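This one's a predicted model, so the numbers in the text were calculated from it and none came from an experiment.
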Amino acid sequence: MARNGLNMDIGVRVAPERRLACVHHRGPYVGNVELFEGLFARVKEWAAPLGLVGPEQERIAVFHNDPEITPPDLLQMSVGIVIPEEMPVQEGIEVFVLPEGTYAVATGSIHIERHGQAWWLLMGEWLPRSGWKPAPASSFEVVRQAPSDHDGMHHVELWVPVMAV
């Protein structure tokens, strides 16, 4: 699906459960690239010595509530990486489990400043016409490389839990 120069492939996928090592944030985050990078840096500091960080590492941001209806001070998110089931974590790093389920997924290469437009393309345009509706679980975003490494561009996947209408 393409709109305003933004081109995303959108479809429905079934995903397995994923166990994340992450850090949690409460408060405003929309558009705050420095906050996201700082939170991911905390996870990377813990994960790198364990050999869990590489060029194809999935950086995952989990959004626990909807920024369209939740006051900024009450927004919550967790950022982290997938870890093996048996991997212990240290103080300051939390475990969050993304449940197995059916998700609408938008995939594409976008500029860091176009995240909001990409979410709107998925949630505001594609989803209402798709025959699916949001399911009661957290949405999340998967980024494959830091935007600072590629002039602000990165490969992103937006995942929204869905169920049939």
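Between Leu98 and Phe96 the shortest side-chain heavy-atom distance falls below 4.5 Å. Within the 4.5 Å cutoff, no side-chain heavy atoms of His25 are placed close to those of Leu75. Two residues are said to be in side-chain contact when any heavy atoms from C-beta on lie closer than 4.5 Å; Trp159 and Arg13 meet this criterion. Side-chain contact between Arg59 and Glu37: present, with at least one pair of heavy atoms (C-beta onward) separated by less than 4.5 Å. Using a 4.5 Å cut-off on side-chain heavy atoms (C-beta onward), Glu45 and Ile93 make no contact. In this structure the side chain of Glu17 reaches within 4.5 angstrom of the side chain of Val97, judged on heavy atoms. Counting heavy atoms from C-beta outward, Phe140 and Val160 have side chains that stay 4.5 Å or more apart. Inter-residue side-chain proximity for Val79 and Glu141 is flagged as unmet; no heavy-atom pair is nearer than 4.5 Å.
Interatomic distance, Ile69 CD1 to Leu74 CG, rounded to the nearest 0.5 Å: 11.5 Å. A distance of 4.5 Å separates CZ of Arg114 from CG of Leu6, quoted to the nearest 0.5 Å. Rounding to the nearest 0.5 Å places CD1 of Ile83 at 9.5 Å from CG of Leu50.
Both Leu35 and Val156 are part of a single hydrophobic cluster, where members link through side-chain heavy atoms under 4.5 Å apart. There is no path of hydrophobic side-chain contacts, each under 4.5 Å, that joins Ile60 to Ile81. Hydrophobic cluster membership differs between Trp126 and Tyr103, with clusters built from Ile, Leu, Val, Met, Phe, Trp and Tyr side chains linked at under 4.5 angstrom. Hydrophobic clustering places Val95 together with Leu52 (ILVMFWY residues linked when any side-chain heavy atoms are closer than 4.5 Å, directly or through intermediates). Val142 and Leu20 fall within a single hydrophobic cluster, where Ile, Leu, Val, Met, Phe, Trp and Tyr are joined by side-chain heavy atoms under 4.5 Å apart, directly or via other members.
No donor-acceptor pair under 3.5 Å is formed between the side chain of His24 and the backbone N or O of Glu94. Under the 3.5 Å distance criterion, the side-chain polar atoms of Asn7 are left unmatched by any main-chain donor or acceptor of Gly108. Side chain of Asn65 to backbone of Gln76: a donor-acceptor contact under 3.5 angstrom is found. Distance alone, capped at 3.5 Å, is enough to place a donor-acceptor pair between the Arg129 side chain and the Glu125 backbone.
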Criterion side-chain contact (heavy atoms from CB on, under 4.5 Å) on Glu157 and Val143, from CA distance to verdict: CA-CA 7 Å; Glu157 297 172 358; Val143 177; over 6 Å; no
Could you give me the CA-CA distance, side-chain angles and deciding distance for Glu86 and Arg19, then say whether side-chain contact (heavy atoms from CB on, under 4.5 Å) is met? CA-CA 10 Å; Glu86 67 281 355; Arg19 184 173 181 257; over 6 Å; no
side-chain contact (heavy atoms from CB on, under 4.5 Å), that's the test. Do Glu58 and Val82 meet it? Break it down for me. CA-CA 7 Å; Glu58 291 182 337; Val82 175; 4.2 Å; yes
Taking it one step at a time, do Val89 and Trp46 satisfy side-chain contact (heavy atoms from CB on, under 4.5 Å)? CA-CA 9 Å; Val89 296; Trp46 167 79; 3.9 Å; yes
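The environment of CD in Glu113 is sparse: at most 12 heavy-atom neighbours from other residues, nucleotides or ligands sit within 6.0 Å.
Closest approach of Leu39 and Met77 over heavy atoms only: CD1-CE, 3.5 Å. Nearest heavy atoms, Pro134 versus Met123: CG-CE, 4.3 Å. For the pair Ala118 and Ile110, the tightest heavy-atom approach, listed with the atom from each and the gap, is CB-CD1, 4.0 Å. Between Val43 and Ala21, the shortest heavy-atom distance links the atoms CG1-O, 3.8 Å. Nearest heavy atoms, Ser139 versus Pro161: OG-CD, 3.7 Å. Taking both residues in full, the closest heavy atoms of Ile10 and Ala106 are given as CG1-CB, 3.8 Å, listed atom of the first, atom of the second, then distance.
One side chain, Ser78 or His64, offers a donor N or O that lies under 3.5 Å from an acceptor on the other. Between the side chains of His154 and His115, a donor-acceptor pair is found at a separation under 3.5 Å.
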